[in-house]
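Okay, structure first, notes after.
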Number of protein chains: 2
Amino acid sequence: MATGRNHRPATTRSRGIPEATVARLPLYLRALTALSERSVPTVSSEELAAAAGVNSAKLRKDFSYLGSYGTRGVGYDVEYLVYQISRELGLTQDWPVVIVGIGNLGAALANYGGFASRGFRVAALIDADPSLTGRLVAGIEVQHTDGLEQIIDESGVSIGVIATPAGSAQQVCDRLVAAGITSILNFAPTVLSVPDGVDVRKVDLSIELQILAFHEQRKAGEEAPEEEETAPPAAPPAAAVSKRPEPGSDGDRPAVMPA
Amino acid sequence: MATGRNHRPATTRSRGIPEATVARLPLYLRALTALSERSVPTVSSEELAAAAGVNSAKLRKDFSYLGSYGTRGVGYDVEYLVYQISRELGLTQDWPVVIVGIGNLGAALANYGGFASRGFRVAALIDADPSLTGRLVAGIEVQHTDGLEQIIDESGVSIGVIATPAGSAQQVCDRLVAAGITSILNFAPTVLSVPDGVDVRKVDLSIELQILAFHEQRKAGEEAPEEEETAPPAAPPAAAVSKRPEPGSDGDRPAVMPA
DNA sequence: TAGATTGTTAATCGATTAACAATC
DNA sequence: TAGATTGTTAATCGATTAACAATC
């Protein structure tokens, strides 16, 4: 079906919200919450877009997927929009979350205030290290991995956070999924494979830094006439040598990584 | 200068690599490093794509922006490609990093192994809390914010990590930028404003969870015929009431957030 | 040579944005 | 009514992907 509803365009209403839009809704919500706390009654797309750091046309387009929640000539009612976005994101209900891997990072996550603030609640902490079992982190008792399935079952969580080392992440993931978890936030630097129907989002510090390094390098090389590498690389491997189609390109194309 | 090189298609070489491609290079690099550790000599786009969790056509297209580093009928030389991607990302050099805000998260980041592993080095830890000054975290002495400018100057860092509370993030950011930092990784849940030429990437746990919640909610409502909210919302604000153009749509459009 | 696999083309899809009619 | 601002259109841009000629 193409449309299906006659009022609000239904296709774009109860489904079909673009991922890019979904990813921005939390940003809008945060800006709106700040306005709400300052008791600002209404806000224009221009103002809100500035606060969220996006283009105002983009914001209006994003909101158009949710419905017509603004008033022409006036703007958006802050409280009303906070509720609508919260509802769209599923934040009007409580989301119990389990954190697996209570190392430095896991503990930091458990203590993170923003966790609890918006409908998320740390329901359980799990770690494979027996010496951690029973210890309190953020006021919650750490439980041993052995009981993972039962813990998930009893606490009714559907969102799992993986903060284990990379080596155990897939195994933990498999167990979480088998136990009924359908959304995973992965902090371990691994690609997780999951069955259809399970959502995985990843947060990867190392990747973010590498992306920054890429741009940083570009900045540094922008003015400098030449951006030659300092350490001269070793000899290229056979396969690499064999494909040098164009002449005069040897100077700046080192071959193999020093280490 | 715009291009400046004459061999490899210069436009796509020293600039013009799409952001989406740049963001995937670290992923490829990680998969390649794993292969390298297993002493695998060559890999096909199909195999590597599977390991990185992407489409093989996409991978080949990505690599085509870097140059012709493969061999038709054979595949890619693992070591050679590791080096080329490392070089492209700027990882053949060392990137000193300063972390500001040594709370739970900052400490976790300082201790994070993946940090050091790929060319990044924690050069300094900074916190505003005087009681932390001089304390060792991950073997590095925490220094007080007062000396921020001098610390940056002396350590020559160009990448800053902000792990402070949201309230101080912009101020810290401003000081980092003024001190010469041009790349920032922001863990504080705020939109940072920076001058042109400064790159900001953000990692936001709360946003990731909200995106998961959105999809989780959709899954839950998929089978159920109606996905009505449990708590009936209070009366809508005036502005909201005024815009209900279409009839028969009241049922599924509650009005105002309870809290 | 025959088989394999890259690098590239071109079609498709999704996201962004300016512009403006609708309308408060 | 006049001014302001939304919601939507349409143009543009960038990213993805299948397909295949080039070529090892």
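Computed from a predicted model, the values in this text were never measured in an experiment. Computed over heavy atoms, backbone and side chain alike; hydrogens, waters and symmetry mates excluded. Numbered from 1 within each chain, the chains take letters A, B, ... in sequence-line order.
- Legend: ring-ring contact (aromatic ring centres under 6.0 Å, His included) pairs involving residues 193-214 of chain A, not counting sequence neighbours: none detected.
- Contacts between residues 21-38 of chain B and DNA chain D, counted as heavy-atom distances below 4.0 Å, involve R24(B).
- Rounded to whole Å, atom C1' of dT5(C) lies 9 Å from atom CZ of R72(B).
- For Y112(B), the ring pair (Phe, Tyr, Trp, His ring centres under 6.0 Å) test picks out no residue, with sequence neighbours left out.
- Rounded to whole angstrom, the span from the CG atom of D77(A) across to the C1' atom of dC24(C) amounts to 15 Å.
- Here Y69(A) and F63(A) keep their ring centres 6.0 angstrom or further from each other.
- Contacts of R72(A) classified as salt bridge (charged side-chain N to carboxylate O under 4.0 Å, His left out), with partners at least two apart in sequence or in another chain: none.
- Between the CG atom of L81(A) and the C1' atom of dG7(D) there is a distance of 14 Å, rounded to whole Å.
- Under the side-chain hydrogen bond (donor to acceptor under 3.5 Å, both in side chains) criterion, Q171(B) pairs with no residue at all, not counting sequence neighbours.
- At least one side-chain heavy atom of L205(A) sits under 4.5 Å from a side-chain heavy atom of L185(B).
- Between the P atom of dT16(C) and the CG atom of D62(A) lies a distance of 7 Å, rounded to the nearest Å.
- To the nearest angstrom, P of dT16(C) lies 14 Å from CD of E19(B).
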Revision key, fill the gap. Pairing string of DNA chain C (Watson-Crick or G-U wobble, both atom distances under 3.5 Å; | = paired to other strand) is ..||||||||||||||||||||||
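- Remark: Y65(A) is not in phosphate contact with dT8(D), judged by side-chain N or O atoms under 4.0 Å from OP1 or OP2.
- Within the 4.0 Å cut-off from OP1 or OP2 of dA4(C), not a single side-chain nitrogen or oxygen of Y76(B) is found.
- Residues passing the side-chain hydrogen bond (donor to acceptor under 3.5 Å, both in side chains) test with T190(A), sequence neighbours excluded: none.
- Residues of residues 47-61 of chain B having a heavy atom closer than 4.0 Å to DNA chain C, listed by number: R60(B), K61(B).
- Residue S45(A) places none of its side-chain N or O atoms closer than 4.0 Å to OP1 or OP2 of dT5(D).
- For N186(A), the side-chain hydrogen bond (donor to acceptor under 3.5 Å, both in side chains) criterion is met by no residue, not counting sequence neighbours.
- Among pairs with a residue in residues 18-40 of chain A, those fulfilling salt bridge (charged side-chain N to carboxylate O under 4.0 Å, His left out) read R24(A)-D62(A), R30(A)-D204(B), at least two apart in sequence or across chains.
- For E216(B), the side-chain hydrogen bond (donor to acceptor under 3.5 Å, both in side chains) test picks out T182(A), S183(A), K219(B), with sequence neighbours left out.
- Here the P atom of nucleotide dA18(C) and the CD atom of E46(A) are 10 Å apart, to the nearest Å.
- Among the nucleotides dG7(C), dA21(C), dA15(D), the one closest to the side chain of P18(B) is dA15(D).
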Please output the side-chain donor-acceptor pairs of residues 45-52 of chain B that fall under 3.5 Å, not counting sequence neighbours, one pair per line with the distance.
| residue | atom | partner | partner atom | Å |
| --- | --- | --- | --- | --- |
| S45(B) | OG | R60(B) | NH1 | 2.9 |
| E46(B) | OE1 | S56(B) | OG | 3.4 |
| E47(B) | OE1 | S44(B) | N | 2.9 |
| E47(B) | OE1 | S44(B) | OG | 3.4 |

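- Considering only side-chain atoms of S64(A), the nucleotide from dT6(D), dC24(C), dG7(D) that sits closest is dG7(D).
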